[in-house]
Every structure is written in structure tokens, then in C-alpha cells.
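The structure displayed is predicted, hence computed values, not measured ones. All values below come from the heavy atoms of this structure, side chains included, with hydrogens, waters and symmetry mates left out.
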Amino acid sequence: MATKCYLLGCDLGKSLDYTSFAVIEMVYDPEIKDLRYHLIGLDRIKGVDYPVIVDLIEKAADSLEKKMHLYDSYPYGGPILCMDASGLGAPIRDYLKAHNSFNQKGRRIYPVVFTGGEAARYDTVTHNYNISKSIIIGNFLSLMQHRRFDYAPDLEALPLLMKEIESFKYHLTASGHTGFDAEQGAHDDLICAVCIPLIIGEWRYNNHQKMKVGPKPSWM
């Protein structure tokens, strides 16, 4: 019996920047006794108002919920929204929370705020996951290395994702920490939309990798 769940990743940009969406199927594989992640959807939009983005998120969640009924088992609930809550992503997070879009029928929302250095913590006040890009991208590369992440070969935005992956470089910050960011002028919206749900999948749903992140708030 397959144990599966849909993760919906979202990296939010300003009106003149790209907003990207990723759909990942999280599957428990009994052969390796671990989770695998399959990227089955990837897209980006630009120059749209925030109400349009909210509508797209809610419609995507509705569509994924209908598809979940085809699964043999979905004890993780879902679909699960893993979104960028940095900057202007915060009001979209607040809207979705206030309108109960992701606290019903097993739906969950995990907001992630990018931080500097190599830090990761759960904020019990804001209920955000404050995680550095170094950790988020490092988790992604580890999953690829251990063949626990793959992608549908026919994704239209796949070449753009690969270009973004190639643009990420390690560097040393002024404080002496290791950073991991896209080269100046390069986009990172697609890779962030993919990597945010992957880090949440590992920390919240993988029994081998769970991180002590505090109590689950009532809206999650």
C-alpha cells in the first residue's frame, strides 16, 4: 500500500518578480524505509496581483485534494502548502490562515522565512520556520545525491530550474559563515519553490530526520 501526500511549494515575488509554484509527490518507500520526493509540477508567473496568487494557491490545493482520493492511503493529510513567508509573502500567509484555507480536512501550511548564516529554528511567536538558504539547498542536494528526489522529464520549466541550480555558489560571509546563494543577477525562485517543501517534508514528516521545532499551532 502506497503512503503518499502532495506538497505544494510556493516562492513569492514582488509584482515585477517571478512567483513560482512546485508540486511534489511525497511517497513513503518501504524498500528503503524512507521518503522519496517526485517533482511533478513546476511553473512561474510574473506581474500578477496578490489576490490572483492567493486564488491560484487555493485552486491548486483544491485540485490536488481531489487527486489524493486516488491514493491507497494518505495518513499525512494534505495537500500541504510550504510557502515563502519572507517580506511580502507574510500577508498572503496571514490571509490563508485567516480564511481557513489550510486548517481543514488535513490541509497544512508551513511558512518559511529565509535567514542568513547556517541557522534553522522554529519561531513560536510567528509560527514561521526560519531557515538559511544554505541548509535548504544543502538538503536538496543531499536528497539528489541519495536518489530520493527525482522529477518528471517533461516539465516545461525544467531547463530553467537546472540553470538556477548551476548558478548557486558557496561563499563566505563577512561574519565568517558559509553562504549559499544564486549568483548576482540570477533567479532562484524555481529552486526555492522546490526546496521549501523538501525541507518541510524531511523535518516534519520523516521519522528519521525530524527536528525539534516546538508545538504545532492550532492553524497547522
| said: I'd like to know whether Glu58 forms a side-chain contact (heavy atoms from CB on, under 4.5 Å) with Leu96, so could you lay out the CA-CA distance, the side-chain angles of the two residues, the decisive distance to 0.1 Å, and finally the verdict. | reply: CA-CA 9 Å; Glu58 292 180 330; Leu96 293 170; 3.9 Å; yes
| request: List the steps, then state whether salt bridge (charged side-chain N to carboxylate O under 4.0 Å, His left out) holds for Asp188 with Lys163. | output: CA-CA 9 Å; Asp188 64 357; Lys163 184 177 180 180; over 6 Å; no
| said: Please evaluate residues Arg108 and Tyr205 with respect to the criterion side-chain hydrogen bond (donor to acceptor under 3.5 Å, both in side chains), reporting the C-alpha separation (whole Å), side-chain torsions for both, the decisive distance (0.1 Å), and the verdict. | reply: CA-CA 12 Å; Arg108 298 284 184 269; Tyr205 296 97; 5.0 Å; no
| request: I would like to know whether Val23 and Tyr6 meet side-chain contact (heavy atoms from CB on, under 4.5 Å); could you show each step before the answer? | output: CA-CA 7 Å; Val23 178; Tyr6 281 121; 4.0 Å; yes
| request: Evaluate the criterion side-chain contact (heavy atoms from CB on, under 4.5 Å) for residue pair Arg93 and Tyr110; output intermediate values, then yes/no. | output: CA-CA 9 Å; Arg93 172 206 60 196; Tyr110 293 100; over 6 Å; no
| field | CA sep, side-chain torsions, deciding dist, call: Arg36, Asp150, salt bridge (charged side-chain N to carboxylate O under 4.0 Å, His left out) | value | CA-CA 8 Å; Arg36 292 189 186 274; Asp150 59 26; over 6 Å; no
| query | Where do Asp49 and Ile53 land on the side-chain contact (heavy atoms from CB on, under 4.5 Å) test, with the steps shown first? | reply | CA-CA 7 Å; Asp49 295 332; Ile53 294 175; over 6 Å; no
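Residue Leu190 holds its CG atom at 9.5 Å from CG of Leu39, rounded to the nearest 0.5 Å. One distance of note links OG of Ser134 with CG of Asn139; it measures 12.5 Å at 0.5 Å rounding. If you take CG on Leu155 and CG on Asp43, they are separated by 10.0 Å, rounding to the nearest 0.5 Å. The CG atom of Asn206 sits 9.0 Å away from atom CE of Met26, with the distance rounded to the nearest 0.5 Å. Annotation: the span from Tyr129 atom OH to Cys82 atom SG amounts to 9.5 Å, rounded to 0.5 Å. Considering CG of Leu141 and CD of Gln145, their distance stands at 8.5 Å, rounded to 0.5 Å.
Looking only at side-chain heavy atoms (C-beta outward), Ile199 and Ile131 come within less than 4.5 Å of each other. Between Ile24 and Ile40, every side-chain heavy-atom pair lies at or beyond the 4.5 Å cut-off. Within the 4.5 Å cutoff, the side chain of Val112 has no heavy atoms near those of the Asn128 side chain. Using a 4.5 Å heavy-atom cutoff, the side chains of Asp189 and Leu12 are not in contact. In this structure, Ile196 and Met83 have side chains that are not in contact, with every pair of non-hydrogen atoms separated by 4.5 Å or more. Using a 4.5 Å heavy-atom threshold, the side chains of Glu164 and Cys192 count as separate. You'll find the side chain of Arg44 stays beyond 4.5 Å of the side chain of Phe21, heavy atoms only. Here the side chains of Asp84 and Phe114 are in contact, with some heavy-atom distance below 4.5 Å.
Among all heavy-atom pairs drawn from Ile57 and Leu8, the shortest one is O-CD2, 4.0 Å. Across all non-hydrogen atoms, the minimal contact from Ile136 to Cys195 is CG2-CB, 3.3 Å. For Pro153 against Leu158, the heavy-atom pair with the smallest separation is O-CD2, 4.1 Å. The two residues Cys10 and Thr19 have their closest heavy-atom pair at SG-CG2, 4.4 Å. Residue Arg148 comes nearest to Leu35 through the heavy atom pair NE-O, 2.8 Å, listed as atom of the first residue, atom of the second, then distance. For Pro79 against Glu65, the heavy-atom pair with the smallest separation is CD-CB, 3.8 Å.
With Phe140 as the partner, the ring pair (Phe, Tyr, Trp, His ring centres under 6.0 Å) test is satisfied by one option alone out of Tyr151, Tyr37, Phe149: Phe149.
One finds no salt bridge joining Asp29 and Lys33 here, because no Lys/Arg side-chain nitrogen approaches an Asp/Glu carboxylate oxygen to under 4.0 Å.
Val113 and Leu81 are members of different hydrophobic clusters when ILVMFWY side chains are connected at heavy-atom separations under 4.5 Å. In the hydrophobic clustering of ILVMFWY residues, with side-chain heavy atoms under 4.5 Å counting as a link, Ile165 and Leu42 come out together.
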